[in-house]
Amino acid sequence: MKSVAIIGGGITGLTAAFYLKRRGVTVTVYEATERVGGAIQSLSRDGYLAEFGPNTILETSPKITALVCDAGLAERRRDPDPKAEARYVVRYRRPIKMPGSPLGFFTTKLFTASAKWAVLREPFRPARRDGIEESIAEFVKRRLNQEFLDHAIDALVAGICAGDPQKLSVQQAFPKLAALEEKYGSLIKGQIFGAGERKRRGEVAKDRAPKFSFDDGLQVLPDTLRERLGPDVRLNATVTKLIQTVKSWLVDIRVGAQESRVEHSAVIYTGTAFRLAELGLASLQPLSLAPFGDIRYPPVASVVLGFRREDVAHPCQGFGMLIPKIEGFKILGTIFSSSLFPNRAPAGHLTLTSYVGGERYPELASLPPQDLFDLTCADLRVLLGVKGQPTFQHSVYWPKAIPQYNLGYGRLRDLMTEIEAKAAGLFFAGHYRDGISLGDCIVSGVNIVERVEKYLAAVTRNAPSLKSR
Ligand SMILES: Cc1cc2nc3c(=O)[nH]c(=O)nc-3n(C[C@H](O)[C@H](O)[C@H](O)COP(=O)(O)OP(=O)(O)OC[C@H]3O[C@@H](n4cnc5c(N)ncnc54)[C@H](O)[C@@H]3O)c2cc1C
């Protein structure tokens, strides 16, 4: 009987386990903590529903839709209020609505005439196709201008991955953007001409993809997958070492003070990159897992505050606001959570979810909760006209929040492929390999199933000849 060890009970590991089990493969998910979901963490308290990790799933692939249906969650899915589409970017120390159409772009106060002119010129700028990795900052300055970097991309990057545009690799962190230049010679031309191709592949661009959550928040998804997997999920079980034998994998596990060893036919690693670097795997030499320890995960604090509706001057009607560093605020951005999903706050109240830290101000993320509430309230007073005391406050500190696909990340991804080729039966999937968004992680979990099944089938075919030797 073939069995697969899945290291990590985040969304990637649970998705892979769920589909492998449905196809009749024996699986065990080893999760180091006492809960499933990893970065997903929802809390219901005092009539508020708070999300401390991701807030929504972007439905960029039919595989995401299929998982929701296959897990029996179609009824519990919640789409955001259609009135909550507006996104704001802070400029001149106030939130300004992002334009939603080409006409809106040319009339918005968010950008000066020089930035608008840069967009008109973009299709005529020479394309670079030398394959050399470039930071998102250099890329934007080359194709557009400094103003776009300082007032839009810097804010966007902070909102997506709490990252630094000077360090993030455009090819690794935003491969679709880099591909537009590679293929069409221009971002604008690529947007127009690439739409048909995306449609044929059944994909939706991230800026157009529908978002969704569940009635009780995103935690519903990992909790349901865990229920479906039953005893195949082992909590408080940290994998400490892997040993490759001729025909199997030995997985060392620590539960409390107890150590044990379990044999599996294959292993999928869906944990974090920094824990991967700590796993012993002697047979890899001269390759090593140690370089994955270089992947930077900056700290982030998620600060969820509730207010009485009348204590907030801004309508907060929309998705939220992004804040570029140049505007001088401490928070990275705020999601208007109860505008997206009205059940996130009791009647007559609203919920605002802000983020502190990231690559911009890593030292702020570890402040004590009351300091985080105070600095967040101070920024929200200026930006949204908040007055009075919060009616709900809760924060979660993520010491290592989101991996940064910085310059040089391509080398680490190549190393993952090299290790997989050398260590047959070991597979890598999840946020440190296939993209950081929840949607990317779900697709990663679905795709790895196919590769693992092929491997198991090949091992089964070769088994008699191994025995006869
Ligand atoms: C604050 C924050 C906000 C975010 N916002 C969004 C958002 O709005 N939209 C979006 O799409 N994405 C967002 N993300 C990103 C997204 O949530 C994550 O990239 C995704 O959930 C990662 O899933 P995963 O399963 O790959 O990894 P994880 O969720 O990190 O799960 C990995 C699991 O592996 C376990 N593990 C690690 N090592 C071992 C070991 N040796 N043995 C056993 N278990 C181990 C860990 O305990 C963990 O539970 C956010 C992330 C954070 C932190």
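Both counts, for ligands and for their atoms, begin at 1 and track the order of listing. Index from 1, following the sequence.
Of the possible donor and acceptor atoms, one in the side chain of Ser338 sits under 3.5 Å from a partner among the backbone N and O of Thr351. Of the possible donor and acceptor atoms, one in the side chain of Asp154 sits under 3.5 Å from a partner among the backbone N and O of Lys325.
A salt bridge links Asp215 and Arg76; the closest N-O separation between the charged side-chain nitrogens and carboxylate oxygens is under 4.0 Å. Using a 4.0 Å cut-off between a side-chain N of Lys or Arg and a carboxylate O of Asp or Glu, Arg360 and Asp164 do not qualify as a salt bridge. With respect to the salt-bridge test (charged N to carboxylate O, under 4.0 angstrom), the residues Arg77 and Glu59 qualify.
Here Phe428 pairs with nothing under the ring-ring contact (aromatic ring centres under 6.0 Å, His included) rule; sequence neighbours left out.
The immediate protein surroundings of ligand 1, defined as residues with any heavy atom under 4.0 Å of it, consist of Ile7, Gly8, Gly9, Gly10, Ile11, Thr12, Tyr30, Glu31, Ala32, Thr33, Gly37, Gly38, Ala39, Phe52, Gly53, Pro54, Asn55, Thr56, Ala237, Thr238, Val239, Tyr269, Thr270, Gly271, Thr272, Arg275, Ser302, Trp398, Ala401, Ile402, Gly430, His431, Ile436, Ser437, Leu438, Cys441.
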